[in-house]
Every structure is written in structure tokens, then in C-alpha cells.
2 protein chains.
Amino acid sequence: MLTIGDLSKRTGVKVPTIRYYEQMGLISEPDRSEGNQRRYSKADLERLAFIRHGRDLGLTIDAIKELISLSQHPDRPCVGADRIAREHLDDVRIKIAQLKRLEHELERIVSHCDGHSIEDCYVIRALSDHGLCDGQH
Amino acid sequence: MLTIGDLSKRTGVKVPTIRYYEQMGLISEPDRSEGNQRRYSKADLERLAFIRHGRDLGLTIDAIKELISLSQHPDRPCVGADRIAREHLDDVRIKIAQLKRLEHELERIVSHCDGHSIEDCYVIRALSDHGLCDGQH
DNA sequence: CCGATACCTCTAGTTTCTAGAGCTATATAT
DNA sequence: ATATATAGCTCTAGAAACTAGAGGTATCGG
């Protein structure tokens, strides 16, 4: 039996966040000690690790919920789980592309700004005037 | 003189968001019509375009505020503006690196999952078991 | 001058936590 | 057995950057 603090240390999920996940229905209400403190089993540990992993991968809480509910029907085909992962992959790729454009633009801005006065600062000018930008965003 | 709707159309910033920026002190309180509606000047349009542009680049509202205040002292050296852009560039690079690791992992997950049943679905298994991951995250 | 549309203020909700107040349980040291 | 330190409890509010809705008023085209 693990306390909430043990669980937190083992999974890297902060204590208030664990309580929050409980509130959101991601983990079920655990047993309690005589003094009303939460006591977790190994299954809870695994479930929380799953959630943590999903969140690290950027899945939303809703997506994780869906995956949990899918995983509780092991007989069904896993196209649902596959779809969630695939959709998320698409999102990730879009985000990377956006950020790369941004990186490119910030590089240009920074490299043009060599410590003169604000009056002709490239950072300010670039933000004021979209026309100075390289690509679209 | 532009109404808030005109301003919104020209900058692509939604009407409630413009009001929100005003509240946050990013734009100053504009003149009002006789009937108490906001009327904007061309200077306001430029300022809002600046803000929009900064937000598109992922700058926080605080960072933009800082840039605006810097730009109002054109005599000072622009190291401050340069620093903000540089720090942000660092953030962006970190985020890209994270997302790439993530992309990689999702690709692996998706490609291993070919529509069998949940029981041996790679998506679920990968989330449950960090050991199946390729890299660190 | 009527009616449609746009505007006004104010409040509350979104998402994913995080922080704090005020109080109680548990574990350890003496 | 008791004192103390740490960790736990609930509940509320805050952070970021908006977004949505309620209920009411201006403005403008026809």
C-alpha cells in the first residue's frame, strides 16, 4: 500500500495533480486509511504511470480517458486507440512545422540586432512590420 | 476612426480579445463615440498588429508588454529587446526538440498497431510500459 | 424611422494544473 | 508516552490567454 506521496515520487506526478486526476475521473477513488488518507495499490501505480506517459506525449486528458476506457474492453479491435494516436501525430507534426517557421524568423530577427539603440532595433521593427518577415505565419 | 469590429477585421484579433488586451494594459483606452463605443486611430491599428504578430510568434503577453515599453524609450540600447527575442528562440528550440522526440515515438507506436484487438494493441502497451519507448522523455 | 447588426458591460467558463489556508494523521525520536 | 516533524486532508482561488453568454444600447442602411 502506497501513500499519495509514495505514488507521487514513483511516477513523478505531483500530489495535488494526483488528487486532481481523481476528481477528473482518470483514476478511481482509492482505499483510505483509518485516518482517511489515500492508500494506493500497484494497479493504481500502473494506471497513473500510463496517464503520466500519455500527458508527457501531449495527449489531452479526454484522449487518455478514451484510451483507458478502450483498454477496459480488450476484446474490441484497437482501431480507436490507433486513431487517437494517429490524430495526435498529425497535430504534433503541424506544431513542429509552425515552430520551425518561428525559429527561422526569430533567428533572422536576432541576428540582425546587434545592440544599437531601440530606434533601429530589428526586433521591434520586425514585430511592427509584418512585411519584414520571411515566411507566412 | 475605426470601430472595434473594423479593427478586428483588419488585424485578425477577435473583438473580445481586443477588449481583453485593453484590460491587460497592452493597448491604451481608446476614444469613445457619443454612444460610448470604442473608436480607434491608425496608431492603435499598428499597435494591435504588433501585438498580434508577437502572439503569433508565441511571445507571452508580458514579453510583448516589455517590448512595447522598450520601444517607448528609443534612446536606450536595444539589448533588452534582443534578450527577449533570444530567450524566446531558446524556448522554441527546446520545444521543437521535445516534439520531435514525441513524433518519433508516436510514429513507432502507430506503425506497430495494425488493427488487432486491444489486448495486444501497441498504443496501449506503449503507454503502459515506458520500457517500450525508444528514447527518453 | 424601423430593424438588423454591432456594440456595451459584466460574469463565468475553458484547460491543466498549482498554491495556500487551516486543520489532522502518521512516523520518528526521546 | 509524548513531542515534534512531516505528510496528509479539504476547499478555495489563481494562473494564462482567452471565449461565450446574458442583458441591454448604438449606429447605420434603406
Side-chain angles (χ1 to χ4, degrees), chain A residues 1-27 29-41 44-45 47-48 50-68 84 88 91 95 98 102, chain B residues 1-27 29-41 44-45 47-48 50-68 84 87-88 91-92 95 98 102:
Chain A
M1 281 301 173
L2 302 163
T3 67
I4 197 169
D6 296 337
L7 197 63
S8 170
K9 263 170 235 150
R10 298 248 218 140
T11 58
V13 178
K14 288 187 189 138
V15 169
T17 305
I18 296 174
R19 295 199 192 103
Y20 168 76
Y21 286 159
E22 181 184 325
Q23 216 181 299
M24 293 298 102
L26 278 176
I27 51 185
E29 297 190 12
D31 295 338
R32 298 281 182 142
S33 72
E34 296 222 336
N36 198 37
Q37 299 193 350
R38 289 167 179 81
R39 291 295 123 98
Y40 293 95
S41 68
D44 293 321
L45 180 69
R47 161 72 63 90
L48 188 58
F50 180 100
I51 293 166
R52 166 85 214 249
H53 200 166
R55 291 289 302 135
D56 278 353
L57 293 180
L59 296 170
T60 64
I61 287 200
D62 278 351
I64 293 171
K65 250 190 204 162
E66 226 180 310
L67 286 175
I68 287 171
I84 291 172
H88 190 56
D91 289 350
K95 222 172 257 171
Q98 281 176 346
L102 174 49
Chain B
M1 281 303 170
L2 304 161
T3 68
I4 198 168
D6 296 337
L7 196 64
S8 170
K9 261 171 236 148
R10 299 249 218 138
T11 58
V13 178
K14 287 183 190 144
V15 169
T17 305
I18 296 174
R19 295 198 193 103
Y20 168 75
Y21 286 160
E22 183 183 323
Q23 218 180 298
M24 292 298 102
L26 277 175
I27 52 184
E29 295 189 12
D31 296 338
R32 299 280 182 142
S33 72
E34 297 222 334
N36 199 35
Q37 298 193 353
R38 289 168 179 81
R39 290 297 122 96
Y40 294 95
S41 68
D44 292 322
L45 180 68
R47 160 72 63 92
L48 188 57
F50 179 101
I51 294 166
R52 166 85 216 250
H53 200 165
R55 290 292 301 134
D56 278 353
L57 293 179
L59 295 171
T60 64
I61 288 200
D62 278 350
I64 293 170
K65 248 190 204 164
E66 227 181 307
L67 286 176
I68 287 171
I84 291 172
E87 280 176 8
H88 190 56
D91 288 351
V92 167
K95 223 172 255 169
Q98 280 175 349
L102 173 48

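Each chain gets a letter, A, B and so on, in the order its sequence line appears, and its residues count up from 1.
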Rounded to whole angstroms, how far apart are [atom1] on [X] and [atom2] on [N]?
| X | N | atom1 | atom2 | value |
| --- | --- | --- | --- | --- |
| A:Leu2 | C:dA27 | CG | P | 13 Å |
| B:Lys65 | D:dA17 | NZ | C1' | 12 Å |
| B:Leu48 | D:dC18 | CG | P | 11 Å |
| A:Met1 | D:dG8 | CE | C1' | 17 Å |
| B:Arg32 | C:dC8 | CZ | P | 6 Å |

What donor-acceptor contacts under 3.5 angstrom involve side-chain atoms of residues 12-26 of chain A, with partners at least two apart or in another chain?
residue : atom : partner : partner atom : Å
A:Glu22 : OE1  : A:Arg38 : NE           : 2.8

Query raised in the report: Within a strict 4.5 Å, meaning less than it, do heavy atoms of the A:Tyr40 and A:Leu48 side chains meet?
Result: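 Result no, sub-4.5 Å side-chain heavy-atom pair not found.
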Query raised in the report: When you check the phosphate oxygens OP1 and OP2 of C:dT16, does a side-chain N or O of A:Arg52 lie under 4.0 Å from one of them?
Result: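 No, outside the criterion.
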Query raised in the report: Counting only side-chain N and O atoms of B:Arg55, is one of them less than 4.0 Å from OP1 or OP2 of D:dC18?
Result: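 Affirmative; the distance criterion is met.
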Requested in this report: Can you sort out which residues in residues 7-25 of chain B have a heavy atom within less than 4.0 Å of DNA chain C? Ascending by number, please.
Outcome: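 Only B:Arg19 qualify.
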Query raised in the report: Any donor-acceptor pair under 3.5 Å linking the side chain of A:Arg39 with the backbone of A:Arg32?
Result: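 No, because the side chain of A:Arg39 does not come within donor-acceptor range (under 3.5 Å) of the backbone of A:Arg32.
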So which protein nitrogen or oxygen atoms get under 3.5 Å of nucleotides 26-30 of chain D's nitrogens or oxygens?
residue : atom : partner : partner atom : Å
D:dA26  : O4'  : B:Gln37 : NE2          : 3.2
D:dT27  : OP1  : B:Ser33 : OG           : 2.6
D:dT27  : OP1  : B:Gly35 : N            : 3.1

Report task. Assign each of B:Ile61 and A:Tyr40 to its nearest nucleotide of DNA chain D by heavy atoms, then name whichever residue's nucleotide is nearer the 5' end. Result ->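 Between the two, 5'-proximity favours A:Tyr40.
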